[in-house]
Amino acid sequence: MELFEQPGTESRITLFAELMLPIPVPKLFTYRVPLPLNDKIMVGQRAIVPFGDRKILTGVVVSVTDQPPKQYEAKYILELLDDFPSVTELQFKLFQWMADYYLCTTGEVMNAALPSGLKLSSESMVQLNPAFNLEESDFDFSEKERMLLKRLVGESMEYSAISKFLGVKTVYSLLKSLVGKGAIILYEEVKEKYKPRTERRIRLTDVYAVASALEGLFETIGTKPKQEAIVLKYLQDVPVLSHAEANKHGLAHKQLMSDDTLSESSLRTLIKNGVFEEFEVVVSRFEEEPLPDQHIIQLSEEQHQAQQAILASFKEHSATLLQGVTGSGKTEIYINLIKQAIEGGSQVLYLLPEIALTTQIVQRLRKIFGTTMGVYHSKFSDNERVEVWNGILNGRFKFVVGVRSAIFLPFDNLGLIIVDEEHDASYKQQEPAPRYHARDVAVVMAQLHHAKVLLGSATPAVETYYQALQGKYGFVKLDKRFGEARLPTLVLADMGRERKQKTVKGEFSGLLLKSIGDALSKKEQVIVFQNRRGYSPMVNCEDCGWVPKCVNCAVSLTYHQYRHALVCHYCGYREALPQNCPTCSSTRLKTVGYGTEKLEEELMLHFPDARIQRMDLDTTRSKSGYESILDHFERGETDILVGTQMVTKGLDFDHVSLVGIFNADRMIHFPDFRSYERAYQLITQVSGRAGRREVPGTVVIQTSSPDHPLLVTILNHSMEKFYGDQLEDRRQHSYPPFSRLIDVTIKHVDKKVCREGADALFKLFRSAMPGTKLLGPGEPMVSKIRNQFLMSILVKIPRGSSELGALKQALMQCIQQLLKEKEHRNTRVIVDVDPV
DNA sequence: AGCACGCCGACT
DNA sequence: GTCGGCGTGCTC
């Protein structure tokens, strides 16, 4: 119904609002609107509502009607949190699309979309009943009850804190008994998470903000030098006399008192005497930057042509692929396009993979776009995220650089979305639902906004490449490196032959060692890439073959030397490395295989004078670890950088002349239909780090199969052949882009129940989804994680199937049916659409 | 997802 | 016998 039909007249009818709540239940919840809110409520506003017996949640208004629900009595909305909508109409459409496509609930999408600062919820709290006295009580109390009551004196506690304090898992029965005895009170505390930042400011009161009053003031405080100093400092910073209105803004307390010879108590006195007054203003968490510098970015001829081609392509395609070799200068083109879109009056979203969104790139963009640019990063605090969200709503930000989840920001007039490093797997959310792919969502978003999408990559995903080949996406290539830089030379180190010739030392081929030595002697930098962290992925008893395994997962433990511990990379379980083998008592426990840590150690032996740094999850976990390692490297304070995937992204370094790649074989032979693609992308991306300017770089790839067709293809830089081969392969085995995949994982603590559930589900699928190919059920590579056994079924839906929606519905119904059976009640089923 | 209620084993 | 474990069903 129309809410604004009768302006001015307060409607007396009772309204009901349908709310989207952040819970995985596939429906909306209807609440009653309190009469005073009738004229205030709008679709898209957030509302606080009671949920269940004692929870309070934040929901979003999806619709308002005057029809009461028939099945139940609606509860009242407690409060509306916004004066204007926080969620836009387009976002609701997107949420719905995502829920349908990724087979999850809109509540789950909403949960992922809203920064938690916008989702206040309640915490159940326990408090001592003030009318209660333990000594005078007629009831008996258990030891635990007494302990808790003592602890609660003068302090409220959360449920979770209590269960921790008492060391029991279920705390409810105990609390219920205490409530019954009148000893405690349970209540809900709503936590407002978002707090605007405020600043204390000082200004002269109106009485003293005029010249005559000030003259009089100086006469009276002439004997009080400390007060005089403060007034002088104020007048020095705020030109009250020449600009009367300047006093209105006052001076930040921090700035006024920045000189620590000034006395805080004298300021207090001045305030008490009515000379100064103190006030608070809301300030942004984002620092005001100097005005953007407007210099124009000079594009090379190739860049200019590519830009023109992109603009032409935008006229015909909503999505365009820009394939530009590493170092071809895609960023400059992006910047130009962003500028144009903003000048045209529309909003722009620039997505980057998590580890590529560095302070360096932000600073560079900041210089050009100033404070109209918002930054949305998972490392930012929640308050900062809320400010970006609101900044989009109120028009402060026209442009946002962000990671995956920035796709959820409340744009209302998006003109351009750039997805840089489009092939990057971090765009796909793995856990929890919605398991969405931000690149694909961006394409849908663009359609909703009638905006354009630019997908950029040196090594596009095979699926994207195919769309471009087919003409569904526009296709622009940029295949010359910027300036005169040439593509690096790739060389294979044949490990088999070197082993025979005994030139291999540890894990290093003679060729790589010599190349590193040469580079170091020329004062050039080296990157060594090994896609495996830790010291060594396995420990092995040389006498009996015993291997330490994780107690919760079906994996062997990785040895981390710096922590002196065996660590599980799946659940985080840790244990000490035993001195003796627990089965045969042998002391001959040996590490097998190489991680970054061990490579680093070995490099130190070979090149004792070189400055070596390691960059992997373990060295970058701390807040600034990543930035500082890159800084060191950029400033030339590191000679050799050893790292995992992380070294494939990030900055372009000018002095790297050599890249060493370990274990190319392991990447290639990984049992997955995407292994070639991944190996190709990884090798090409790391190689791109080598040789930027005049010096052409060298890449040494260590392999035991130097004749492998994939390596030959990479060596020849024959990118088109690579994609051609891949597409042919995928077509034959009907993998994406020739089919759509849905990965269904069945989880249960009992291995047998898990298997049976998978078998049962497979049978249901087979009869409910004709026309699909089913693979499995089978154990995934890691068949147990966190004490849950796993089985998986892969569903292949032919490309272009008109029944995609129907098949998905059928799939969900099969799962529902399985879970109805008693023995599978406790089974968890995870559905992953378009798994990567 | 939480969270309350209810039914079962191992301890005083 | 009770306490504390976890399985089950519901939330406007």
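In what follows, every chain begins at residue 1, and chains take the letters A, B, ... in the order their sequences are listed.
At the heavy-atom level, A:Pro69 lies nowhere under 4.0 Å from the strands shown.
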Give each protein N/O atom lying under 3.5 Å from an N/O atom of nucleotides 6-11 of chain C, with the pair distance.
| from | atom 1 | to | atom 2 | distance (Å) |
| --- | --- | --- | --- | --- |
| C:dT11 | O3' | A:Gly52 | N | 3.2 |

Is there any protein nitrogen or oxygen under 3.5 Å from a nitrogen or oxygen in nucleotides 6-8 of chain B, and what are the pairs?
none

Pair A:Arg755-A:Glu779, salt bridge (charged side-chain N to carboxylate O under 4.0 Å, His left out): steps then yes or no
CA-CA 9 Å; A:Arg755 291 200 105 94; A:Glu779 282 186 7; 3.3 Å; yes
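Atoms NZ (A:Lys119) and P (B:dG2) sit 11 Å apart, rounded to a whole Å. Taking atom CG of residue A:Leu78 and atom P of nucleotide C:dC12, one finds them 11 Å apart after rounding to whole Å. What separates CG of A:Leu114 from P of B:dA1 is a distance of 18 Å, to the nearest Å. Straight-line distance from the CG atom of A:Leu21 to the C1' atom of B:dG2: 13 Å, rounded to whole Å.
In this structure, the side chain of A:Asp832 does not engage the main chain of A:Asp743 through any donor-acceptor pair within 3.5 Å. Judged purely by atom type and a 3.5 angstrom limit, A:Tyr570 has no side-chain atom pairing as donor or acceptor with the backbone of A:Ala554.
The residue among A:Leu174 and A:Tyr76 whose nearest nucleotide of DNA chain C is located toward the 5' end is A:Leu174.
Under a 4.0 Å N-O distance rule, the pair A:Arg435/A:Glu431 qualifies as a salt bridge. Using a cut-off of 4.0 Å between Lys/Arg side-chain N and Asp/Glu carboxylate O, A:Glu463 and A:Arg674 are scored as salt-bridged.
Using a 4.5 Å heavy-atom cutoff, the side chains of A:Arg32 and A:Thr14 are in contact.
The side chain to side chain donor-acceptor pair (under 3.5 Å) contacts involving residues 19-28 of chain A comprise nothing, where partners must be two or more places apart or lie in separate chains.
The six-membered or imidazole ring of A:Tyr376 lies away from that of A:Phe411, with a centre-to-centre distance of 6.0 Å or more.
Comparing atom distances between the A:Arg828 side chain and each of C:dC12, B:dC3, B:dA1 picks out B:dA1 as nearest.
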